[in-house]
Amino acid sequence: MQEQTAGAEYTVEAKNVDFFYGKVQALFGVSLNIKIRHVTALIGPSGCGKSTFLRTLNRMNDTIRNTRVSGEILINGEDIYKEGMNVVKLRRQVGMVFQKSNPFPKSIFDNVAYGPRIHGQHDQQQLAEIVEKSLVDAALWDEVKDRLNDNALGLSGGQQQRLCIARALAVGPEILLMDEPASALDPKSTTKIEDLIGELREKYTIVIVTHNMQQAARVSDYTAFFYEGSLVEFDRTKKIFTKPKAKQTEDYITGRFG
Amino acid sequence: MNAFCDKFCFGLMRLVTYLVVLAVGYIIFDIIRHGLPAISWEFLSAAPRRSGAAGGIFPAIVGTLYLVGGTIAIALPLGMGSAVYLSEYADKNRFTELIRLAIITLAGVPSIVYGLFGLGLFVLFFKFGASIVAGSLTLACMILPTIIVASEEALHAVPQAYRDASLALGATKWQTIRTNVLPYSLSGMITGAILGIGRAAGETAPILLTVAAFFLPKLPKSVFDQVMALPYHLYILATQHPEAEKVRPLQYGTALVLLALVLGLSLIAIILRMHFRKKYRW
């Protein structure tokens, strides 16, 4: 795989990350480098820490009381847990799509314009351009362009999830975190989301948590296998799914547990 | 046996429910039957004469409106603020548990105690005198727990997913609350305000010592003036008036006006609530 961009090869560098919910440790010394403009899948059985790790990358775990992180996470070389880190800036840089689509009970337009607006963009012309571009990038524009003022909750589940992706794209992130983005969708909508991920990887660094191993194999370039809070194996997806090094990885991907 | 119990129990519950409706219905019917003959343009628009034995109740209507307005203006922002702090910002610890306990206790304090508290603090200590300010502040203290509890419930009803989505887009906590939590919880908060309005308009004891005038046939000029108020006027006519029997129709008339006023204010609030519910549905 040839790297096109000049400069750093990795967008995210996690070094020895521990994470605690109160006294319960959920991550044990996770070190992982995520390559720029590639798709990295995090897989593993429930409770293995893959979602927790994902949420350390945009500090969404901060919203849960009584949590603690140690180790180092660098995004574009900047330690995001350093004293005085601007979390607002971080989250503009690192967008997130959640497991359950969660559009605001507002119009389609207002959903996508929400991010730019809170960041101070109030020019109607500019907003309209951002909204159109984001919806086009999220492969939703053609379906909704005639009803931008309708309530977003009137959309189908798959459309809602693509709207959430458009909403995340609208603030211009570099990295997109996806927490099982298709797990609540029907097969057809899932295919659409997967195709979309394939397109988005041209412009964005994507980290996706998934339960679905075929999905990881289909959409990702790299795969990280988590088990009981530790990173067991991390390699090219092809390698992980054909010649895994660790026995646990092999057992998991062949469906022997999980 | 089970089928019988089912039928019997639900029948009983239905009966009890009907009884409640019946009681309310009878009270309203009785007040309308006796009150309606007393209602006239003069009764609604003129000042009372001969210690309330003749004339109208206009100053009392105005006084009650001022008090309700003042009370809501004080209690709604305070209550909403407390609720936002408690449910969105404060950690769950002993201290916030204590605050919650205090709020629940506050809700159970008898209204006459609020009256005495208002007299001591607002009338005497802050030297507001018996006035609209002192009365509104006292009533506000009284309805604060209702508004806080209703507002907190309204905030809890907003799905966490909206907060997460907003925060993940780089919104600050306050931006998130202002744009994606408060608007959706407004209808629930207004419900709290409706309950508050009813109590503020109808209570006698808290205003007895802090604002209400026995007989004051003119309108207030400032918020530091005393006013007449409908519930207190009713109380005076019914129990303290030398010709209590003779002024019976006026009592019913006053009660009817008070009832209509509370219903009218609640109706405005309900319409507002419906407006917000329609705007944000999930």
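Lettering follows sequence order; numbering is per chain, from 1.
At least one donor-acceptor pair closer than 3.5 Å links the side chain of A:N102 to the backbone N or O of B:A161.
The heavy-atom pair separating A:R167 from B:A165 by the smallest distance is NH2-CB, 3.3 Å. The two residues B:Y162 and A:P103 come nearest to each other via the heavy atoms CE2-O, 3.3 Å. Closest approach of A:H119 and B:G170 over heavy atoms only: CE1-O, 3.3 Å. Residues A:R65 and B:D91 come closest through the heavy atom pair NE-OD1, 3.1 Å.
For chain B, the nearby part of A:F98 is the side chain; its heavy atoms alone come within less than 4.5 Å. Residue contact with chain A, scored on non-hydrogen atoms closer than 4.5 Å, involves the backbone and the side chain of B:K92 alike. Neither the backbone nor the side chain of A:R59 comes within less than 4.5 Å of any heavy atom in chain B. Contact of A:V94 with chain B is made through the backbone alone, with heavy-atom distances under 4.5 Å. Heavy-atom distances place no part of A:K89 under 4.5 Å from chain B, backbone and side chain included.
Remark: B:R94 CZ is loosely packed, at most 12 non-hydrogen atoms of other residues, nucleotides or ligands lying under 6.0 Å away. Other residues, nucleotides and ligands contribute only 12 or fewer heavy atoms inside 6.0 Å of the OH atom of B:Y66.
Between A:Y114 and B:N180 there is a side-chain heavy-atom pair separated by less than 4.5 Å.
Considering B:L169, B:T172, B:L167 as possible partners of A:V88, the one that fulfils the side-chain contact (heavy atoms from CB on, under 4.5 Å) test is B:T172.
The NZ atom of B:K173 sits 8.0 Å away from the OG1 atom of A:T63 when rounded to the nearest 0.5 Å.
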